[in-house]
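In the text below, chain A, chain B and the rest are named by the order of the sequence lines, each starting its count at 1.
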2 protein chains.
Amino acid sequence: MRKDSRLSRVLHILVHMQAIDRPVTSEQMAEMISTNPVVVRRTMALLRTANYVTSTKGHHGGWKLAKPLANITLLDIHHALGDGSIFTIGLSDEHTQCVIEQAVNEALNDVMNEAEALMLKRFGQITLDKLGADKISSYLKER
Amino acid sequence: MRKDSRLSRVLHILVHMQAIDRPVTSEQMAEMISTNPVVVRRTMALLRTANYVTSTKGHHGGWKLAKPLANITLLDIHHALGDGSIFTIGLSDEHTQCVIEQAVNEALNDVMNEAEALMLKRFGQITLDKLGADKISSYLKER
DNA sequence: TTTAAAGTAACTTTTATTGTTACATCAAAA
DNA sequence: TTTTGATGTAACAATAAAAGTTACTTTAAA
């Protein structure tokens with residue numbers, strides 16, 4: 001299974017956007033994360049649907065933040081990306097009438113749910129403006 | 001990304017084995033989880049390497065538990081399967097010199113590590129004999 | 001009218017698990 | 001001693017989801 005790096009990549013882009021007061025193009029974002037503008041648009045479109053960014057076509061178009069990073073959490077972005085399953089561990093479901101399969105899956109599910117709940121709780125506690133705020137502010141001052 | 005269902009499947013098999021006092025063949029195990037004997041051997045070979053099961057070739061051959069299920073935890077089996085990454089979330093690593101990428105990945109990594117630690121801790125607290133012991137014992141009595 | 005941008009459909013590539021085929025090896029049974 | 005039933009294993013195909021790519025449409029500013 002290939003890893004889903006959309007969350008990491010899009011956070012990277014959003015933090016960059018904060019420091020730029022013009023619309024940022026998909027082309028520029030693609031350079032930030034070493035990929036193709038179409039890949040960027042695909043992911044950014046999900047954030048636009050959830051109202052974290054806006055986009056405009058045509059000359060001097062591009063993407064803008066729709067609200068301050070302080071008002072967006074990691075959990076918000078995770079949700080906007082579709083709330084996909086976060087675990088590589090899958091449960092077999094070929095014999096749902098088998099009590100052993102049920103018991104095994106119930107145990108695994110309980111543990112995974114607890115771990116996921118913790119993870120989402122932490123994501124909900126981190127706003128995007130906090131992502132390396134210390135390092136980044138000193139870095140920006142150097143330029 | 002396809003899910004890794006080896007843990008769920010092999011636990012299912014191990015609990016079944018407990019109730020059978022003869023060697024169990026790969027063919028029989030394959031039926032339990034609706035797959036191919038080769039797939040079973042591949043996964044079971046990892047458990048044999050870690051000394052949780054033994055196998056014998058030839059007539060009346062097959063697989064046997066090497067120790068009581070009460071002496072094996074979910075974590076033991078998870079380790080035996082190779083301790084693979086449990087998250088579908090990946091971190092981008094194209095710009096390791098970029099402070100923003102660093103900050104984003106550090107935040108995500110911290111949260112994922114905490115969630116993984118909780119999950120492995122829980123896995124370590126569950127021995128295989130506890131997997132649905134109540135349901136399974138009443139089920140076995142009915143036959 | 002040209003140009004610079006997003007929007008989007010369709011297809012290919014990648015990557016790891018899973019599935020399959022084929023055959024070697026081994027040990028018990030006939 | 002030969003047959004049979006089992007594991008061991010190499011090599012390859014199928015699957016699935018993200019990521020990458022190509023090509024084209026639409027839009028709006030220059």
Side-chain angles (χ1 to χ4, degrees), chain A residues 1-10 12-13 17 20 22-49 53-64 66 78 81-94, chain B residues 1-10 12-13 17 20 22-49 53-64 66 78 81-94:
Chain A
M1 182 194 309
R2 179 182 273 197
K3 294 264 183 169
D4 180 349
S5 59
R6 289 178 303 164
L7 181 59
S8 170
R9 288 175 135 189
V10 84
H12 183 173
I13 288 171
M17 285 174 78
I20 304 173
R22 300 180 305 281
V24 181
T25 67
S26 308
E27 185 80 38
Q28 294 171 315
M29 294 174 177
E31 276 176 32
M32 292 175 190
I33 60 172
S34 301
T35 185
N36 189 298
V38 177
V39 171
V40 169
R41 288 188 200 120
R42 214 142 53 189
T43 304
M44 293 299 289
L46 297 172
L47 301 197
R48 182 186 50 219
T49 299
V53 295
T54 57
S55 64
T56 55
K57 289 180 168 184
H59 240 110
H60 294 177
W63 301 81
K64 286 195 290 192
H78 174 71
L81 295 182
D83 250 330
S85 164
I86 62 170
F87 296 111
T88 58
I89 295 178
L91 305 183
S92 65
D93 58 353
E94 293 109 0
Chain B
M1 179 192 310
R2 179 183 274 198
K3 295 263 181 167
D4 180 349
S5 58
R6 290 177 304 163
L7 180 59
S8 169
R9 288 174 133 189
V10 84
H12 183 173
I13 289 171
M17 285 174 77
I20 304 174
R22 300 180 306 280
V24 181
T25 67
S26 309
E27 185 81 39
Q28 294 171 316
M29 294 174 176
E31 277 176 31
M32 292 175 192
I33 60 172
S34 301
T35 185
N36 189 298
V38 177
V39 172
V40 169
R41 287 187 203 121
R42 216 145 46 191
T43 305
M44 293 299 290
L46 297 172
L47 301 198
R48 183 185 50 219
T49 299
V53 294
T54 57
S55 64
T56 54
K57 290 181 170 183
H59 241 108
H60 296 176
W63 301 81
K64 287 195 289 190
H78 175 70
L81 294 183
D83 252 330
S85 164
I86 61 169
F87 295 110
T88 57
I89 296 177
L91 305 183
S92 64
D93 58 352
E94 292 109 358

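Taking 4.0 angstrom as the limit, A/Arg9 places a side-chain polar atom (N or O) nearer than this to OP1 or OP2 of D/dG20. OP1 or OP2 of D/dA18 has not a single side-chain nitrogen or oxygen of A/Ser5 nearer than 4.0 Å. For B/Thr25, no side-chain nitrogen or oxygen approaches OP1 or OP2 of D/dG5 to under 4.0 Å.
For B/Ser55, whose side chain is taken as the heavy atoms from C-beta onward, the closest listed nucleotide among C/dA6, C/dG19, D/dG8 is D/dG8.
Within the model, atoms CD of B/Gln28 and CD1 of B/Ile13 stand 11.0 Å from one another, a figure rounded to the nearest 0.5 Å. Residue B/Lys64 holds its NZ atom at 13.5 Å from CD1 of B/Ile20, rounded to the nearest 0.5 Å. A distance of 11.0 Å separates OG of B/Ser55 from CG of B/Leu47, quoted to the nearest 0.5 Å. Taking CD of B/Glu27 as the start and CG of B/Asn36 as the end, the distance is 8.5 Å to the nearest 0.5 Å. One finds the CH2 atom of B/Trp63 at 7.0 Å from the CE atom of B/Met29 (value rounded to the nearest 0.5 Å). The CZ atom of A/Arg9 sits 13.0 Å away from atom CE of A/Met32, with the distance rounded to the nearest 0.5 Å.
Between A/Asp4 atom CG and D/dG20 atom P there is a gap of 11 Å when expressed in whole angstrom units. In this structure, NZ of A/Lys3 is placed 21 Å from P of D/dA16, rounded to the nearest angstrom. Counting to the nearest Å, the C1' atom of D/dA19 and the CG atom of A/Leu7 are 16 Å from each other. One interatomic measurement links the two molecules: CD of B/Glu27 to P of C/dT20, which rounds to 12 Å at whole-angstrom precision. B/Met29 places its CE atom 12 Å from the P atom of D/dA6, with the value rounded to the nearest Å. In this structure, the CD1 atom of A/Ile86 is 15 Å from the P atom of D/dA18, given to the nearest Å.
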B/Thr88 and A/Lys3: CA distance, side-chain angles, deciding distance, side chain to side chain contact (heavy atoms under 4.5 Å, CB included) verdict: CA-CA 5 Å; B/Thr88 57; A/Lys3 294 264 183 169; 5.9 Å; no
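Counting only distance, with no hydrogens or angles, the side chain of A/Ser8 and the backbone of B/Ser92 share a donor-acceptor pair below 3.5 Å.
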N/O donor to acceptor pairs below 3.5 angstrom from side-chain atoms of residues 39-46 of chain B, sequence neighbours left out:
unit_1  : atom_1 : unit_2  : atom_2 : d
B/Arg41 : NE     : B/Ser26 : OG     : 3.3
B/Thr43 : OG1    : B/Val39 : O      : 3.4

Polar-atom pairs under 3.5 Å, protein N or O versus N or O of nucleotides 26-30 of chain C: list them with distances, or write none.
unit_1 : atom_1 : unit_2  : atom_2 : d
C/dA28 : N3     : B/His59 : ND1    : 3.4

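Against DNA chain D, the stretch residues 35-48 of chain A makes heavy-atom approaches under 4.0 Å through A/Thr35, A/Asn36, A/Val38, A/Val39, A/Arg42.
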